[in-house]
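A short worksheet on the structure shown next.
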Amino acid sequence: MDRATACNSRHVNGRGNYVLYWMTCYRRRYFNFALERAVFWATELRKPLLILEALACDYPWASERLHTSVMEGMHDNLGTFEHSPAAYYPYVEPSPGAGRAVFSSLAKRACLVVTDDFPAFVIPRWIETVATHADVLVEKVDSNGLYPMRATDRIFLTARSFRTYLKKSTPSFPVPDPLEGIDLPHMRKPNRLSRKLPPIPPCVPRDVRPVPRLKGGVNAARKNLRKFIRSDMKSSGLSPYLHFGHISSHEIYGEVTKARRRDSEHFLDELITWRELGFNMCALERDYDKYAALPGWARKTLASHARDKRPVIYTPDQLENADTHDAVWNASQDELITTGRIRNRLRMLWGKKILEWSATPQEALDVMIHLNNKYALDGRDPNSYSGIFWVLGRYDRPWGPERPIFGLVRYMSSASTAKKLKAESRNA
DNA sequence: ATCGGCTCGCGCAA
DNA sequence: TGCGCGAAGCCGAT
């Protein structure tokens with residue numbers, strides 16, 4: 001299986017009480033290779049399966065908004081795992097650090113730990129810490145996309161070459177429901193765990209409000225998928241669900257293909273080529289979120305314009321508060337703050353202007369990462385980093401004429417973006 | 001409304 | 001070695 005990776009060289013403890021699935025990113029029952037793997041181990045060892053869906057409270061950019069989405073997903077999962085052969089427990093960390101003790105006491109009694117292999121944000125560090133301290137085997141499993149992200153060690157620099165590579169590879173699919181028809185021993189409720197969801201802990205910052213119109217969880221995800229396929233196939237709105245793992249790209253691919261719509265090609269390219277291109281970068285490039293990982297031509301051309309006079313410079317605070325002279329840009333930043341998303345076309349303009357209005361490209365990068373991770377429901381994801389770095393030249397090519405600040409990095413203007421948006425809404 | 005040129009990396013044909 | 005082509009553009013010429 002090219003989706004499972006051992007994270008330490010410890011052994012499976014056949015005398016453990018259960019197999020522990022530490023669910024951190026694929027927060028779902030269905031189409032989940034990691035859960036499938038955990039079920040395999042539990043069956044093999046004839047042990048109960050304990051699923052711990054964990055939510056920390058002190059990771060960077062933790063907010064009421066993100067907690068709400070994840071906990072809505074937990075609420076759905078309480079339903080989906082009810083009457084299943086596995087023991088499912090949501091765990092919402094009540095205060096900073098509390099989760100460590102709970103996790104390590106659970107891991108002590110486990111035969112092994114299976115967890116989600118996610119290549120970005122804090123997850124790789126968490127897995128490393130746990131793998132170092134655990135007394136048993138820790139396995140991470142890749143259920144991110146149709147193609148295993150570690151099947152190659154080549155970092156792809158253009159979508160075109162990645163597309164050609166994918167055409168030559170074979171996608172692999174998890175079973176729709178890994179718990180169907182499975183018989184496992186039952187287990188007693190572990191201490192300190194409960195099937196009830198607590199309120200959002202007081203330590204979670206309240207400054208980024210939830211988005212009631214965009215409910216998290218597998219039920220809302222599937223509802224949105226059905227609606228998307230029934231309608232125009234233009235903007236799916238599925239990226240927050242993909243990010244939290246409330247739905248898998250395998251299921252989306254399956255449903256879209258089943259519908260046999262002729263206009264689905266663009267969407268599938270976005271879902272597969274572009275989405276998995278981002279996972280390829282994060283999985284294989286250690287510095288995926290650092291300025292230094294930009295392509296050489298982009299760094300070179302931006303450097304040669306580093307000392308260009310900026311007609312306007314806004315501070316990170318002014319940008320965050322949507323306090324610029326540009327109405328189109330302010331609207332996109334407002335949209336990000338209130339809805340947790342920016343529409344596709346505006347998203348790129350949003351970044352290009354941050355580059356134009358920051359003292360240096362490095363500062364622009366910092367601001368983009370901060371604002372996107374803080375407010376976007378689908379932030380902190382390989383795809384976010386693709387979008388942000390695209391602004392600075394990643395996956396793009398040079399475009400003349402050479403301009404101030406941008407050099408040969410593609411430029412965008414608010415006026416023509418606004419014009420295109422208007423034309424699009426007229427056609428709709 | 002549509003077209004080419006701006007410029008680089010990659011894959012493929014030769 | 002050369003050629004065509006590429007997520008989201010812009011600008012000026014027709």
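Hydrogens, waters and symmetry mates play no part in the numbers below; they use all other heavy atoms, side chains included. Here is the naming used below: chain letters follow the sequence lines, and residue numbers restart at 1 for every chain.
- Under the Watson-Crick or G-U wobble criterion, with both distances below 3.5 Å, C:dA8 has no partner in any strand shown.
- Across all strands, A:Leu157 comes closer than 4.0 Å only to sugar-phosphate atoms, never to a base (heavy-atom distances).
- Between the P atom of C:dA7 and the CZ atom of A:Arg397 lies a distance of 8 Å, rounded to the nearest Å.
- B:dT7 is unpaired under the Watson-Crick or G-U wobble criterion, no partner having all donor-acceptor distances under 3.5 Å.
- Separating the P atom of B:dC12 from that of C:dA7 is a span of 15 Å, rounded to the nearest Å.
- Remark: the A:Asp2 side chain and the A:Tyr147 side chain contain no N/O donor-acceptor pair separated by less than 3.5 Å.
- Rounded to an integer number of Å, the gap from CG of A:Asn344 to P of C:dA8 is 13 Å.
- Here A:Lys352 does not reach the OP1 or OP2 of C:dA8: none of its side-chain N or O atoms lies under 4.0 Å away.
- Between the P atoms of B:dA14 and C:dC5, the separation comes to 14 Å (whole Å).
- A straight line from CG of A:Asp396 to C1' of C:dA8 spans 9 Å, rounded to a whole angstrom.
- Comparing C:dG4 with B:dG4, their C1' atoms sit 16 Å apart, to the nearest whole Å.
- Which of B:dC10, C:dG9, C:dA8 sits closest to the side chain of A:Trp390 comes down to C:dA8.
- When the P atom of C:dA7 is taken as reference, atom CD of A:Glu265 falls 12 Å away, rounded to whole Å.
- Contact between the side-chain N/O atoms of A:Ser413 and the OP1/OP2 oxygens of C:dC10 is found at a separation under 4.0 Å.
- Within the nucleic acid shown, A:Glu270 comes within 4.0 Å of at least one base atom, counting heavy atoms only.
- In this structure, A:Arg345 reaches the sugar-phosphate backbone alone: every heavy-atom distance under 4.0 Å involves primed, P, OP1 or OP2 atoms, never a base.
- Under a 4.0 Å N-O distance rule, the pair A:Glu72/A:Lys215 does not qualify as a salt bridge.
- Ion pairing of A:Asp76 with A:Lys223 is absent here, as no side-chain N (NZ or NE/NH1/NH2) approaches a carboxylate O to less than 4.0 Å.
- Side chain of A:Thr164, nearest nucleotide from C:dG6, B:dC8, B:dC12: B:dC12.
- Residue A:Met412 is classed as a sugar-phosphate contact, given heavy-atom separations below 4.0 Å to backbone atoms only.
- Whole-Å rounding puts the A:Leu268 CG to C:dA7 C1' distance at 16 Å.
- Side-chain nitrogen and oxygen atoms of A:Lys420 include at least one within less than 4.0 Å of the OP1 or OP2 phosphate oxygen of C:dC10.
- Counting any heavy atom pair closer than 4.0 Å across all strands shown, A:Arg154 reaches sugar-phosphate atoms only and no base atom.
- At the phosphate of C:dA8, OP1 or OP2 sits under 4.0 Å from a side-chain N or O atom of A:Arg410.
- Of the possible polar contacts, none joining the A:Tyr88 side chain to the A:Arg29 backbone as a donor-acceptor pair under 3.5 Å is found.
- Rounded to whole Å, the separation between the P atoms of C:dG9 and B:dC10 comes to 23 Å.
- If you measure from atom CZ of A:Arg403 to atom P of C:dG12, you get 9 Å, rounded to the nearest angstrom.
- Between the side chains of A:His325 and A:Tyr314, at least one donor N or O lies within less than 3.5 Å of an accepting N or O.
- Within the 4.0 angstrom heavy-atom criterion, only backbone atoms of the sugar-phosphate kind lie near A:Arg163; the bases stay farther away.
- Between A:Ser416 and C:dC10 there is a side-chain polar atom (N or O) within less than 4.0 angstrom of OP1 or OP2.
- Between A:Arg3 and A:Asp117 there is no salt bridge, since none of the side-chain N atoms of the basic residue sits less than 4.0 Å from a carboxylate O of the acidic one.
- Looking at A:Glu251 and A:Arg222, a side-chain N of the basic residue comes within less than 4.0 Å of a carboxylate O on the acidic one, giving a salt bridge.
- One can place CZ of A:Arg160 at 14 Å from P of B:dG9, the figure rounded to the nearest angstrom.
- Going from atom CH2 of A:Trp350 over to atom P of C:dA7 covers 23 Å, rounded to whole Å.
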